[in-house]
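Let me begin by presenting the structure, written as structure tokens, before commenting on it.
No experiment lies behind these values; they were computed from the predicted model shown. Lettering of chains follows the sequences in order, A, B, ..., and the numbering in each one begins at 1.
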There are 4 protein chains.
Amino acid sequence: MPRISKERQQDRRNSILAAGRMVLSARGFNDAAISAIAAEAGVSDGLVYRYFTNKRDLLIAVLADFYEGIIDNLEVILDQYDTFEERIRAIVYEHIARFASDKEMCELFLTEIRVSNNYRETEIFRLNRRYTSIVVRTAQDGLARGEMNPAIGPRLLRDMLFGGIEHFAWRHIGRGVAIDVDEGASKIAEVLLHGVCARSTPPNPPKAHTGK
Amino acid sequence: MPRISKERQQDRRNSILAAGRMVLSARGFNDAAISAIAAEAGVSDGLVYRYFTNKRDLLIAVLADFYEGIIDNLEVILDQYDTFEERIRAIVYEHIARFASDKEMCELFLTEIRVSNNYRETEIFRLNRRYTSIVVRTAQDGLARGEMNPAIGPRLLRDMLFGGIEHFAWRHIGRGVAIDVDEGASKIAEVLLHGVCARSTPPNPPKAHTGK
Amino acid sequence: MPRISKERQQDRRNSILAAGRMVLSARGFNDAAISAIAAEAGVSDGLVYRYFTNKRDLLIAVLADFYEGIIDNLEVILDQYDTFEERIRAIVYEHIARFASDKEMCELFLTEIRVSNNYRETEIFRLNRRYTSIVVRTAQDGLARGEMNPAIGPRLLRDMLFGGIEHFAWRHIGRGVAIDVDEGASKIAEVLLHGVCARSTPPNPPKAHTGK
Amino acid sequence: MPRISKERQQDRRNSILAAGRMVLSARGFNDAAISAIAAEAGVSDGLVYRYFTNKRDLLIAVLADFYEGIIDNLEVILDQYDTFEERIRAIVYEHIARFASDKEMCELFLTEIRVSNNYRETEIFRLNRRYTSIVVRTAQDGLARGEMNPAIGPRLLRDMLFGGIEHFAWRHIGRGVAIDVDEGASKIAEVLLHGVCARSTPPNPPKAHTGK
DNA sequence: TATGAATGAGGATTCATTCAT
DNA sequence: CATGAATGAATCCTCATTCAT
């Protein structure tokens, strides 16, 4: 029979998680000291190790927490759209917005996790799969509806979408320039959907997806 | 009056550079010890610091060396093509091939340099600009020739091209799966040029760019 | 008024003691975690501290428990013999057998307790005295009966007996080689009783003491 | 071409070795901090690791240094004696003297090295073999000369000699009582050579070996 | 010029022990 | 009585960089 309630334990864990997110974001994995995280959370160094196996495990928990939030968010949003094009526009918009709002989490993922040797055995890998598979499913749906070119596989669309946004966003982030999410999303979606070549007859005026 | 000739100095520098590339590629920045690089080059630890300010400076020099090679190469190749589409196909092909052949250099750039705070003050930043500006110029040329959609800026094409390839290539690299450069390049170029939407009239059979 | 009966308390204490013996034997003092002992005993960490002052106190209790058993055993056995020589042979036999059967307890005593600064203030010191004093009394008896050389004090016999056996046994233990208790005891007793010099007239055929 | 002479390097190594011996003696292996040893030697922490692989390697070097000294010493002394009995007396005397003069080194060996799992792969194991093999050779010589009882193997003599002395000496050391080396050696040798049984005809008055 | 010996900062992790509940 | 969450001290080792020679 535990001396402290489950709620209290969750509080502790959440404190450490929040402190971890803050310090890891600010300093990066190597320069974030456990003692700094513990101090930020208002607990002892040792307690961090009651809730997390080691420093890397804490990093993974921090990112997993982040990922779970954005996956749920994206799924809810996608439910509001039907056509392939609308959905792609929505995903692009949301993903850029994510980079804009959570630069450091994205950076942590790109520089610490995705590079690591055992990334593919990681919970983050599975969460990333869930996240990116939203695009894959959207693509499969688009293929079924005849709205997507069957010569392009769903996975290539996924790579182009996430890779393109990553590059686009990184450039702004690196310069400390705010991203114009609306415009960026609109143009990137345009490229993904119709390419960069000049088009004789622009079919419809591109309907921008806006965040609300 | 220098005790050793300029040529000898260049030799020394090149030895260290080559050793640095080898060890940094194999071990990554953090795990590559200066002493290991010096040993590989057959010089003392101290001498490394006569030719390079510090470890990071050496990393930058190694990557600069790499970049210079691939920029020249890409420029030579591009001269062989005239149309916007052909050029884009060629760039995509070459860039994927680069990932396939120099995985570690790409990784070093992505994980160590591009992320760093002072990346934009770096020689690598300038070289990366030169490299990616090839795409920008190609795009500008395409616009002038009316072959590219003016609604898409050259820089967005650049981001989509490099970001998409990076994601595509990383996936293969991470899994240790060899990249099918021909097929990957063909499809990625297709997305960039014409998008993923179903097309009523496939304009021309896509002419694959092959490496030779 | 205690909430749990004396019997229950004894049970608890004995559980912890048994778990302590098991874990300390298997891991050694430093590598035996209190939490592991508590888990093995099926109690909480904190409860260990209700029955024992600290980890070292538990170690001492475990060894005391062990010592009490072997002292009783040795005294019972000695009662079956009358002559000095027979008794020495019996003690040697039993002590070697003890090393063979309880290697880890012996090791714990030799490496953790006997070395410690406050060994002589320890209960183990008193128990060890009781155990080794069996030899001293046997020697005094032998002197009284004229069967032992008066130039050799009882305590020196004690040192030679226990020290010699310890070295002999350790060698086997360290190599993981089973001890031939019968042969070892016979020879060690022979050296103690008659020395290693060549003897002109072997007095009697040495009567080996065997375990039953 | 080294910047500092071999002699200087030896000095450094010897400083660290001496400091290691001092601190390890005083504190024991676990409580001796590398930083304390480095400070005692007047060098930086890091330099310790240029001369010794790790803390345990330093411990082993300290003990090896000690062992080499006493082996040479014992061999020189033994050359002065011819008969089996004289030699055994000399070895006993010297070994007790060693315990008396270098209690901590003996303790370090007994409590840190001999107990360790990989003792038998250690340089100390080989040195200990060399040291104790002096007794074995002396015994073999005694057997050849007909001065030792062939029923007692050389190795048993060795165990009884070193084990008996260890116990005898430890008792005095533990109590902080100075050992009477002359008397202890004389009596221990007597037991080893002729046993503890009453002898009808003491052959010769035992000639005590005295230290000079 | 070249050497390589010397420096020294920096941090994750364990676990005996306590004490609020 | 019993729990088990919380504490926090304590340390080995690496390696980029310097500088006396």
Side-chain angles (χ1 to χ4, degrees), chain A residues 1-5 8-9 12 30-39 42-58, chain B residues 1-5 8-9 12 29-39 43-58, chain C residues 1-5 8-9 12 29-39 43-58, chain D residues 1-5 8-9 12-13 30-39 42-56 58:
Chain A
M1 174 181 5
R3 284 310 99 185
I4 67 171
S5 65
R8 182 72 194 290
Q9 267 195 58
R12 289 290 211 186
N30 273 312
D31 293 342
I34 285 288
S35 58
I37 294 170
V43 301
S44 67
D45 290 19
L47 197 63
V48 174
Y49 288 87
R50 174 166 289 277
Y51 290 98
F52 303 94
T53 302
N54 53 33
K55 194 181 172 184
R56 179 153 289 268
D57 183 54
L58 172 58
Chain B
M1 176 175 40
R3 293 253 194 69
I4 65 170
S5 65
R8 177 103 174 108
Q9 270 195 51
R12 290 287 213 186
F29 184 73
N30 271 312
D31 293 343
I34 285 288
S35 60
I37 294 170
V43 301
S44 68
D45 292 18
L47 197 63
V48 174
Y49 287 85
R50 179 161 292 278
Y51 290 97
F52 303 94
T53 303
N54 54 31
K55 193 181 174 184
R56 179 153 291 267
D57 183 55
L58 172 58
Chain C
M1 176 175 38
R3 291 255 194 67
I4 65 170
S5 66
R8 177 100 174 111
Q9 268 196 53
R12 291 285 214 185
F29 184 73
N30 271 312
D31 293 342
I34 285 288
S35 59
I37 294 170
V43 302
S44 68
D45 292 18
L47 197 64
V48 174
Y49 287 85
R50 179 162 293 278
Y51 290 98
F52 303 95
T53 302
N54 54 31
K55 192 180 175 185
R56 178 154 291 268
D57 183 55
L58 172 57
Chain D
M1 178 178 2
R3 283 308 98 186
I4 68 170
S5 64
R8 183 73 194 291
Q9 268 195 57
R12 289 291 213 184
R13 203 188 125 94
N30 272 312
D31 293 342
I34 284 287
S35 59
I37 294 171
V43 302
S44 67
D45 290 19
L47 197 63
V48 174
Y49 289 87
R50 173 168 290 276
Y51 290 99
F52 303 95
T53 302
N54 54 33
K55 194 180 172 185
R56 179 153 289 268
L58 173 58

N or O in side chain of D:Gln9 less than 4.0 angstrom from E:dA6 OP1/OP2: no
Residues which pass side chain to side chain contact (heavy atoms under 4.5 Å, CB included) with D:Arg13, listed by chain and number, not counting sequence neighbours: D:Gln10, D:Leu17, D:Tyr51, D:Phe52, D:Ala61
C:Val43 to C:Arg12 - nearest heavy-atom pair and separation: CG1-NH1, 3.3 Å
Under the 3.5 Å Watson-Crick or G-U criterion, the dot-bracket string of DNA chain E, with | for inter-strand pairs: .||||||||||||||||||||
B:Tyr51, nearest nucleotide to its side chain (from E:dA2, E:dA6, F:dC13): E:dA2
Set of side chain to side chain contact (heavy atoms under 4.5 Å, CB included) partners for D:Arg50, sequence neighbours left out: D:Leu47
Phosphate OP1/OP2 of E:dT1 contacted by B:Arg12 side-chain N/O (<4.0 Å): no
Phosphate OP1/OP2 of E:dC15 contacted by A:Tyr49 side-chain N/O (<4.0 Å): no
Contact summary for B:Phe29 and B:Lys55, nearest pair of heavy atoms: O-NZ, 2.8 Å
Length of the CG-C1' vector between D:Asn54 and F:dT11, whole Å: 14 Å
Sugar-phosphate, base or nothing in reach of C:Ala32, heavy atoms under 4.0 Å: sugar-phosphate
Nearest-nucleotide comparison on DNA chain F, the residue closer to the 5′ end among B:Asn30 and D:Lys55: D:Lys55
Heavy-atom closest pair, residues C:Asp45 and C:Ile34: O-CG2, 4.4 Å
Partners passing side chain to side chain contact (heavy atoms under 4.5 Å, CB included) against A:Ala39 (at least two apart in sequence or in another chain): none
Give me the distances for all protein-to-nucleotides 8-10 of chain F N/O pairs that come in under 3.5 Å?
unit_1 : atom_1 : unit_2  : atom_2 : d
F:dG8  : N7     : A:Gly46 : N      : 3.4

Euclidean distance, atom CD1 of residue C:Ile34 to atom P of E:dT14 [Å, nearest integer]: 17 Å
B:Thr53 or A:Arg50, whichever maps to the more 5' nucleotide of DNA chain F: A:Arg50
Whole-Å distance separating the CD1 atom of A:Ile37 from the C1' atom of E:dG11: 12 Å
Interatomic distance, A:Asp31 CG vs E:dG11 P [rounded to whole Å]: 8 Å
Short side-chain N/O contact from D:Arg8 to OP1 or OP2 of E:dA5, under 4.0 Å: no
Side chain to side chain contact (heavy atoms under 4.5 Å, CB included) partners for D:Thr53, two or more places apart: D:Asp57
